[in-house]
Amino acid sequence: MNAALLPASGLRADFSANRLALGALCIFGLILIAAICAPLISPQNPYDLAQLDILDSKLAPGAQGMSGVTFWLGTDGQGRDMLSAILYGLRISLGVGAVSTFAALAIGTAVGLVAAYAGGWLDAAIMRIVDIQLSFPSILIALVLLTVLGQGVDKIVIALIAVQWAYYARTVRGATLVERHKEYVDAAVCMAYSAGRIVFRHILPNVLPPLIVVAMVQVAHAIALEATLSFLGLGLPITEPSLGLLIANGFTHLLSGKYWISFFPGIALLVTIVSINLAGDHLRDILNPRLQSHYGA
């Protein structure tokens, strides 16, 4: 079923019938709201040095600080409230994942459309580049790029775009090859429409909806990849920590019993990725009933 033809009421009914997918969607919605509203709901700004006290460092969950404030998830080695650090970290992780994924979607879609419609040597050249890139692990390409580019939010977004665009290009090319031989495209050609109008106004609307669902799942992959890179020290700088960097910051304290510094950011990362994957997988099943797995029914 085409996503454009699926009414919103149908989507709501289908999600309501699958409690696991509905729960995942609700959890992700709460995570998204918490990340957006982090400056409003966080007990402190964990990156404002004026609000930190080194005497509050490594406090256990539920302990009170020197100012009498209760740190429900404890504090890290710099005295930052872990709840606040997680909320701010979620903003960066979700932002990096969403921006890189949808930028890669736009680039890959354009490349795939042009390759499939143009055909010939251009199609062959583009697909050889795509095949070469997809033959390497994503994390390896990202590691090489970040070694050259350095740390920073913009640098890791560029690296994540570079490792994702080829996947969309191949997917869009395959869908476009199917669409270009249909009657509506032949009619547009007979009416002497330009190639650009045919590709972007007629073919694109028919190949894009399923890709939006794929992109939703890829956001989770991008978040996980960014967390891995940040954990290895090649992603974001300490001044802009994501969940991956928060986990890395507490890793050295695990053997001393300060588990909460890594544990709670790890749980937040796990719940975020799983909720996105479950909601995205079910939405994909709605759009393509042949892939239904009937989980959580």
Side-chain angles (χ1 to χ4, degrees), residues 24 27-39 41-42 45-47 76 80 82-109 133 137-168 211-251 262 264-277 279-280:
I27 290 173
F28 175 65
L30 291 175
I31 290 172
L32 186 61
I33 292 172
I36 293 173
C37 299
I41 64 177
S42 295
N45 182 346
Y47 309 116
D76 64 6
R80 295 181 298 191
M82 289 307 304
L83 176 58
S84 302
I86 289 171
L87 292 175
Y88 275 78
L90 276 170
R91 300 185 83 196
I92 297 177
S93 293
L94 289 172
V96 168
V99 170
S100 63
T101 296
F102 287 101
L105 172 64
I107 295 171
T109 298
Q133 175 166 331
S138 298
I139 191 169
L140 177 60
I141 298 174
L143 283 171
V144 172
L145 287 174
L146 288 174
T147 301
V148 175
L149 298 174
Q151 292 183 323
V153 173
D154 55 339
K155 309 297 192 309
I156 198 165
V157 167
I158 292 172
L160 292 176
I161 292 172
V163 301
Q164 293 184 87
W165 74 271
Y167 173 76
Y168 295 111
L211 283 174
I212 299 298
V213 181
V214 174
M216 181 177 177
V217 178
Q218 284 296 111
V219 168
H221 176 261
I223 291 173
L225 183 56
E226 178 276 318
T228 302
L229 294 168
S230 294
F231 183 84
L232 295 174
L234 292 172
L236 299 174
I238 191 64
T239 55
E240 299 173 294
S242 64
L243 294 178
L245 193 54
L246 290 175
I247 296 171
N249 288 341
F251 187 73
S262 284
F264 290 120
I267 291 297
L269 179 64
L270 176 64
V271 172
T272 300
I273 293 174
V274 170
S275 63
I276 294 174
N277 277 329

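It should be emphasised that the depicted structure is a prediction, and the values quoted were computed from it without experimental measurement.
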Minimum heavy-atom distance [X]-[Y], with the two atoms named:
{"X": "Gly244", "Y": "Ser230", "value": "C-CB, 4.2 Å"}
{"X": "Ser242", "Y": "Glu226", "value": "OG-OE2, 2.5 Å"}
{"X": "Ser100", "Y": "Ile161", "value": "O-CG1, 3.5 Å"}
{"X": "Ile156", "Y": "Gly235", "value": "CD1-CA, 3.7 Å"}
{"X": "Pro265", "Y": "Ile247", "value": "CB-CG1, 3.8 Å"}
{"X": "Gln133", "Y": "Val163", "value": "NE2-CA, 3.5 Å"}

(message) Restricting to side chain to side chain donor-acceptor pair (under 3.5 Å), what partner residues turn up for Gln218, sequence neighbours left out?
(response)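 Partners of Gln218 by the side chain to side chain donor-acceptor pair (under 3.5 Å) criterion come out as none, since no residue qualifies.
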(message) My understanding is that only residues two or more places apart in sequence, or in another chain, count here; which of them pass side chain to side chain donor-acceptor pair (under 3.5 Å) with Ser84?
(response)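 Listed in chain order: Asp81.
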(message) In the structure I gave you, are the side-chain heavy atoms of Tyr168 and Thr101 within less than 4.5 Å of one another anywhere?
(response)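 With C-beta onward as the side chain, the pair touches.
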(request) Taking the side chain as every heavy atom from C-beta outward, state whether Gln164 and Leu225 have any pair of such atoms under 4.5 Å apart. (result)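 When only atoms from C-beta onward are counted, Leu225 and Gln164 do not touch, as no gap falls below 4.5 Å.
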(message) Show me the pairs that pass ring-ring contact (aromatic ring centres under 6.0 Å, His included) and involve residues 217-244, at least two apart or across chains.
(response) Phe231-Phe251
(message) Can you tell me how far apart CG (Leu269) and CG (Leu246) are? Round to the nearest 0.5 Å.
(response)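 Spacing of CG (Leu269) from CG (Leu246) equals 10.0 Å.
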(message) Just verifying a value: how many Å separate Leu236 CG and Leu245 CG, rounded to the nearest 0.5 Å?
(response) 7.0 Å
(request) Could I get the full list of side-chain contact (heavy atoms from CB on, under 4.5 Å) partners for Ile267, not counting sequence neighbours? (result)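 Counting only residues at least two positions away or on another chain, Ile267 forms a side-chain contact (heavy atoms from CB on, under 4.5 Å) with Phe263, Val271.
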For residues 137-155, which side-chain N or O atoms pair as donor and acceptor with protein atoms under 3.5 Å away, sequence neighbours left out?
| from | atom 1 | to | atom 2 | distance (Å) |
| --- | --- | --- | --- | --- |
| Thr147 | OG1 | Leu143 | O | 2.6 |
| Gln151 | NE2 | Gly233 | O | 2.8 |

Below 3.5 Å, can you tabulate the donor-acceptor pairs from side chains in residues 85-99 to any protein atom, sequence neighbours excluded?
| from | atom 1 | to | atom 2 | distance (Å) |
| --- | --- | --- | --- | --- |
| Arg91 | NE | Ala35 | O | 3.0 |
| Ser93 | OG | Gly89 | O | 3.2 |
| Ser93 | OG | Leu243 | N | 3.2 |

